[in-house]
Asker: 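Let me give you the structure first, and then I'll get to my questions.
These numbers were taken from a predicted model, which means no experiment stands behind them. The basis for the numbers below is simple: all heavy atoms, side chains too, and nothing from hydrogens, waters or symmetry mates.
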Amino acid sequence: MIEWIHPGFIYIFGAFLVPFLKGRERLKQVYVLLLPTLAFVTLILMSKGVLLSEGKTWIVTFMGYELILGRIDLLSMVFAYVFVIASFCMFLYSIHIKEDWQHVAALVYIGSTLGVVFAGDLLTLFFFWEMMACASLFIVWYGKTKSASSAGFRYIMVHSFGGVCLLAGVLIHLQNGGSLAFDSFTWGIGSEYLGIYLILLAFLINVAVPPLGAWLADAYPEASVTGAVFLTAFTTKSAVYVLIRGFPGVEMLIWLGAIMALYGVVFAVLENDIRRLLAYHIISQVGYMVCGVGMGVFGTAAGEMAINGSTAHAFSHILYKAVLFMGMGAVIEVTGRRKLTELGGIYKYMPITFWLYMIGAFSISGFPLFNGFISKTMVVYASGMWGYSTIWLMLELASVGTFLHTGLKLPWGVWFARDTPVCEAREPPLNMLAAMGLTGFLCVLLGVYPKILYNILPYPVHYEPYGAGHVIAMCQLLVFTFVAFWMLRDKLHGTPTITLDTDWFYRLPGKWVIRFCKGPLMAFASFMDRNVMKLAGFFVWFSKNPFAALKIKGEETRLKMEKPIAASEEAVKHERDLEEIRKRQPEREPMVRLNIGTAMLLVLLLIAVYLIAMLIHGWLVT
């Protein structure tokens, strides 16, 4: 009997069959939707106990270490559920795409993310971590523009640095006597914690903590319309997962998360690009999750509330952020425009898209009856339980800014804002609307019936989101924000500016690195390649008849030395003789055979030279 099936492997191995379905579009569409369906069925079987529902499995011994590909518990299951559910909605949104390799990249990306979720040791985590980075790079590059290409290079440069930090941290951690098992790390101050610091740094890069997170707003908007939707869900939320797993209760994360929440909102204010504005709000919303991780002290009611809040908000965020990017992607798909200053007045062409987008907007803003309300408020409530009044205030301010820009400024600027439409438009393809509708339905379902989500969280939930105080306070906040927006709506339009983020510090050096690689480095590589090939060719030529080759080279050298001192007529003759000699091939010359004594003498001579060289370098010294 099969004990367990890895859901991630369904995606990874399933990806390799997609190119073989080229030309069979309908079958390919069914196939890419079938893979997440099979993964979801696998998770259901795990939850029902048919497959392993808790524990460790798929254990492989490597160099004396146990590599655990399957570590199943409540935390890994809740993240696996949302990744699989979201992937179905995202593939439904993108099934009209005919580029097979874009589907392959997305499948490998999702499969490697699930590999991270179920990894029970640090080496397995590193392997899938790097696979996730490589697959997501190709999704960025499928934007197929010069800016997408440049953003992709910057993206992989940052994530390569993060991967190096993770691997170095794991190795130092092992060297210092730490375990390879991926569990909660012991946090402290001192050089013995260097490995743990590097692992945390790698996680913080992927979670997009400022100033390490500019890659997100740089790369995500440059992906294709469908590719950007996939990018919103997996990299940052898998990083939230590993933070919950490895660093719960680290106080530094509380402040980093609160700063993230405000940082994303502030930069969203400055943005004119509709998807980059949403990308900054990813950073802001992930800040709530990071803040919750920092408050997640084991064994305390407030800590359990914070971890549940971070997990629940990651679940909700993946769904509503997908709806938001789907909506803006649909606008780009039918208009070809992505700037607020280039849009407006298209509501009459795209009313369905607008209202589906607003489900995501209400959710991210924390409206009651939407999933953002039942998850975000858990983190805010946990900050109150701990007595962090400043953190509570920062998170509430971030909520105001989120509704102001994602829920009001962005839809107003895209669908309204102008009396006459800036261009003609239409509703997007049916599959895109269906994907938005399905994902939006899930946002409402969880908002109305929060127990569906609460029942699968890591800890028992003792929280009632629809208490009168919570609802009234949130409604007041939202109403006052709307009134302020309506009064100032003419001043909150987009402006054609470029926002400078912390990526500026590596953009310029990055250009120099790329220029160096394309220029001097490639020239040096070509020079070395030519000369190595020449040398290899010479040895092949020489080995065919060594004595004849030596004779030819000796005559060629003699003629080259005599040529400068020869008379003009003699010089012409020397040139002709050189040409003739260069045409001669050793294999066409008579073969000179050595007697056994001469051959043995040469062998002994070579051995003597070799031993002398070893003695000089001390290689024979014990």
Asker: CG/L453 to NE2/H313 distance, rounded to the nearest 0.5 angstrom?
Answerer: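 If we round to the nearest 0.5 Å, L453:CG and H313:NE2 are 11.5 Å apart.
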
Asker: Give, for atom CE of M432 and atom CG of L92, the distance between the pair rounded to the nearest 0.5 Å.
Answerer: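 So the CE of M432 and the CG of L92 are separated by 10.5 Å.
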
Asker: Could you tell me whether a side-chain N or O of Y357 sits under 3.5 Å from a main-chain N or O of G407, the two making a donor and an acceptor?
Answerer: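 Judged by distance alone, no pair lies under 3.5 Å.
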
Asker: Where the side chain of S149 meets the backbone of T145, is there a donor-acceptor pair that is under 3.5 Å apart?
Answerer: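 The answer is no, because no donor-acceptor pair under 3.5 Å joins these two groups.
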
Asker: Identify the two heavy atoms, one from G360 and one from V323, that lie closest to each other, and give their separation to 0.1 Å.
Answerer: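 Distance-wise, the nearest heavy atoms are N-CG1, 3.8 Å.
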
Asker: Closer than 3.5 angstrom, by distance alone: can the side chain of S112 be matched with the main-chain N or O of Y109 as a donor-acceptor pair?
Answerer: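 Present.
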
Asker: With S136, which of Y220, W141, Y155 fulfils side chain to side chain donor-acceptor pair (under 3.5 Å)?
Answerer: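 Considering Y220, W141, Y155, a side chain to side chain donor-acceptor pair (under 3.5 Å) with S136 is found only for Y155.
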
Asker: When rounded to the nearest 0.5 angstrom, what is the spacing between OG1 in T311 and CZ in F79?
Answerer: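 Between atom OG1 of T311 and atom CZ of F79 there are 5.0 Å.
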
Asker: How far apart are the C-alpha atoms of L253 and C291, what are their side-chain angles, what is the distance that settles it, and do they pass the side chain to side chain contact (heavy atoms under 4.5 Å, CB included) test?
Answerer: CA-CA 6 Å; L253 297 178; C291 188; over 6 Å; no

Asker: Quick one, N206 with T235, criterion side chain to side chain donor-acceptor pair (under 3.5 Å). Give me CA distance, side-chain angles, the key distance, then yes/no.
Answerer: CA-CA 6 Å; N206 269 34; T235 299; 5.5 Å; no

Asker: Taking S94 for the side chain and I97 for the main chain, is one N or O donor matched with an acceptor at less than 3.5 Å?
Answerer: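 Answer holds: no.
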
Asker: Could you grab the distance from atom OG1 of T406 to atom CG of L277, nearest 0.5 Å is fine?
Answerer: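 Answer rounded to 0.5 Å: 5.5 Å.
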
Asker: Are any non-hydrogen side-chain atoms of R418 and I346 less than 4.5 angstrom apart?
Answerer: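 Counting from C-beta outward, R418 and I346 never come under 4.5 Å.
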
Asker: Distance-only criterion, 3.5 Å: show the donor-acceptor pairs between side-chain atoms of residues 161-169 and protein atoms not counting sequence neighbours.
Answerer:
none

Asker: Just wondering, more than 12 heavy atoms not from F127 lying within 6.0 Å of its CZ?
Answerer: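 No, not enclosed.
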
Asker: Under the criterion side-chain contact (heavy atoms from CB on, under 4.5 Å), which of T232, I274, V225, T226 is the partner of F325?
Answerer: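 Passing option: T232.
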
Asker: Within a strict 4.5 Å, meaning less than it, do heavy atoms of the H405 and L410 side chains meet?
Answerer: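 Not touching, per the 4.5 Å side-chain cut-off.
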
Asker: Under 30°, 30 to 60°, or over 60°: which ring-plane class applies to F267 and Y263, parallel, tilted or perpendicular?
Answerer: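 Tilted: the ring planes of F267 and Y263 meet at 30° to 60°.
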
Asker: Do Y142 and F138 have ring centres separated by under 6.0 Å?
Answerer: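 Aromatic pair excluded; centres sit 6.0 Å or further apart.
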
Asker: Quick check: does any side chain N or O of R338 sit under 3.5 Å from a backbone N or O of R275, one acting as donor and the other as acceptor?
Answerer: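 Such a contact is absent between R338 side chain and R275 backbone.
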
Asker: Picking from V140, L216, L231, D273, what satisfies side-chain contact (heavy atoms from CB on, under 4.5 Å) with P221?
Answerer: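 With P221 as partner, side-chain contact (heavy atoms from CB on, under 4.5 Å) holds for just one option, D273.
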
Asker: Please list all pairs passing the salt bridge (Lys or Arg N to Asp or Glu O under 4.0 Å) test where one or both residues lie in residues 17-41, with sequence neighbours left out.
Answerer: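 Listed once each, the pairs are E25-K28, K28-D100.
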
Asker: Side chains of I12 and F128: does their closest heavy-atom pair fall under 4.5 Å?
Answerer: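 I12 vs F128: side chains touch.
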
Asker: Enumerate donor-acceptor pairs with a distance under 3.5 Å from any side-chain N or O in residues 327-334 to protein atoms, sequence neighbours excluded.
Answerer:
none

Asker: Closer than 3.5 angstrom, by distance alone: can the side chain of R71 be matched with the main-chain N or O of V117 as a donor-acceptor pair?
Answerer: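 Not a single qualifying donor-acceptor pair exists.
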
Asker: Can you tell if the side chain of S238 reaches within under 4.5 Å of the side chain of M132, non-hydrogen atoms only?
Answerer: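 S238 reaches M132 side chain to side chain.
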
Asker: Can you see which heavy atom on L324 is nearest to which on A361, and at what distance?
Answerer: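 Result for this residue pair: CD2-N, 3.4 Å.
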
Asker: Quick one: are K409 and L340 in side-chain contact, heavy atoms under 4.5 Å?
Answerer: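 Side chain of K409 against side chain of L340, heavy atoms only: contact under 4.5 Å found.
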
Asker: Indicate yes or no: at least one non-hydrogen side-chain atom of F315 is less than 4.5 angstrom from one of L446.
Answerer: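 Side-chain contact under 4.5 Å: yes.
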
Asker: Minimum heavy-atom separation for Y288 to A261, with atom names?
Answerer: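 Looking at all heavy atoms of both residues, the closest pair is CE1-CB, 4.2 Å.
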
Asker: Could you check F373, F482, F403 and say which one makes a ring pair (Phe, Tyr, Trp, His ring centres under 6.0 Å) with F367?
Answerer: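 Looking at F373, F482, F403, the match for F367 under the ring pair (Phe, Tyr, Trp, His ring centres under 6.0 Å) is F403.
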
Asker: For residues 80-90, please give each side-chain donor-acceptor pair under 3.5 Å, one per line with the distance, not counting sequence neighbours.
Answerer:
{"residue": "Y81", "atom": "OH", "partner": "L43", "partner atom": "O", "Å": "3.4"}
{"residue": "Y81", "atom": "OH", "partner": "S47", "partner atom": "OG", "Å": "2.5"}
{"residue": "S87", "atom": "OG", "partner": "Y11", "partner atom": "OH", "Å": "2.7"}
{"residue": "S87", "atom": "OG", "partner": "F83", "partner atom": "O", "Å": "3.4"}
{"residue": "S87", "atom": "OG", "partner": "V84", "partner atom": "O", "Å": "2.6"}

Asker: Grab the two heavy atoms, one from I139 and one from A106, that are nearest each other, plus how far apart they are.
Answerer: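 Looking at all heavy atoms of both residues, the shortest contact is CD1-CA, 3.9 Å.
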
Asker: Whether R276 and E222 form a salt bridge (side-chain N of Lys/Arg under 4.0 Å from carboxylate O of Asp/Glu) is what I want to check.
Answerer: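 R276 and E222: salt-bridged.
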
Asker: Sequence neighbours excluded, which residues qualify as side chain to side chain donor-acceptor pair (under 3.5 Å) partners of E99?
Answerer: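 Counting only residues at least two positions away or on another chain, E99 forms a side chain to side chain donor-acceptor pair (under 3.5 Å) with Q102, K144.
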
Asker: So do T236 and V240 actually touch side chain to side chain, heavy atoms under 4.5 Å?
Answerer: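 The answer is no, as the side chains (C-beta and beyond) never meet within the 4.5 Å cut-off.
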
Asker: Is there a donor-acceptor pair under 3.5 Å between the side chain of E342 and the backbone N or O of R337?
Answerer: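 Absent.
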
Asker: With rounding to the nearest 0.5 Å, note down the distance linking CG in L438 to CG in L445.
Answerer: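 Separation between the atoms: 10.5 Å.
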
Asker: Do Y349 and W415 have their ring centres less than 6.0 Å from each other?
Answerer: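 No, the ring of Y349 stays outside the 6.0 Å limit from the ring of W415, centre to centre.
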
Asker: Would you say the side-chain atoms of K376 pair up with the backbone N or O of Q285, donor to acceptor, closer than 3.5 Å?
Answerer: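 Between the backbone of Q285 and the side chain of K376 there is no qualifying donor-acceptor contact (under 3.5 Å).
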
Asker: Please report the closest heavy-atom contact between F91 and P36, naming both atoms and the distance.
Answerer: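 What the structure gives for the nearest pair is CD1-CG, 4.3 Å.
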
Asker: Run the side chain to side chain contact (heavy atoms under 4.5 Å, CB included) test on L478 and T481 for me, step by step, so that the C-alpha distance in whole Å, both residues' side-chain angles and the decisive distance to 0.1 Å come before the verdict.
Answerer: CA-CA 5 Å; L478 295 170; T481 304; 5.6 Å; no

Asker: For residues 424-436, pull every pair meeting side-chain hydrogen bond (donor to acceptor under 3.5 Å, both in side chains), keeping only residues two or more places apart or in separate chains.
Answerer: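 Of all non-adjacent pairs touching residues 424-436, those that pass side-chain hydrogen bond (donor to acceptor under 3.5 Å, both in side chains) are H96-N431, T353-E427.
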
Asker: In terms of heavy-atom contacts, does CH2 of W355 have more than 12 from other residues, nucleotides or ligands at under 6.0 Å?
Answerer: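 Incorrect, the count does not exceed 12.
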
Asker: Is the distance between the ring centroids of W129 and F203 under 6.0 Å?
Answerer: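 Between W129 and F203, the centre distance is under 6.0 Å.
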
Asker: Side chains of L212 and L201: does their closest heavy-atom pair fall under 4.5 Å?
Answerer: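 A side-chain contact exists here, since the closest heavy-atom pair is under 4.5 Å.
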
Asker: Nearest 0.5 angstrom please: S310 OG to L75 CG, how far?
Answerer: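 Answer rounded to 0.5 Å: 10.5 Å.
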
Asker: Over all heavy atoms of both residues, which pair between A435 and T439 is shortest? Give the atoms and the distance, please.
Answerer: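 Minimum heavy-atom contact is O-OG1, 2.7 Å.
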
Asker: Would M77 and I456 satisfy side chain to side chain contact (heavy atoms under 4.5 Å, CB included), going step by step from the backbone distance to the final call?
Answerer: CA-CA 8 Å; M77 283 297 292; I456 62 174; over 6 Å; no

Asker: Just do the side chain to side chain contact (heavy atoms under 4.5 Å, CB included) check on K321 and M326 with the steps written out, would you?
Answerer: CA-CA 8 Å; K321 185 57 72 171; M326 287 176 183; over 6 Å; no

Asker: Do F118 and Y241 have their ring centres less than 6.0 Å from each other?
Answerer: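 For F118 and Y241, the ring centres are not under 6.0 Å apart.
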
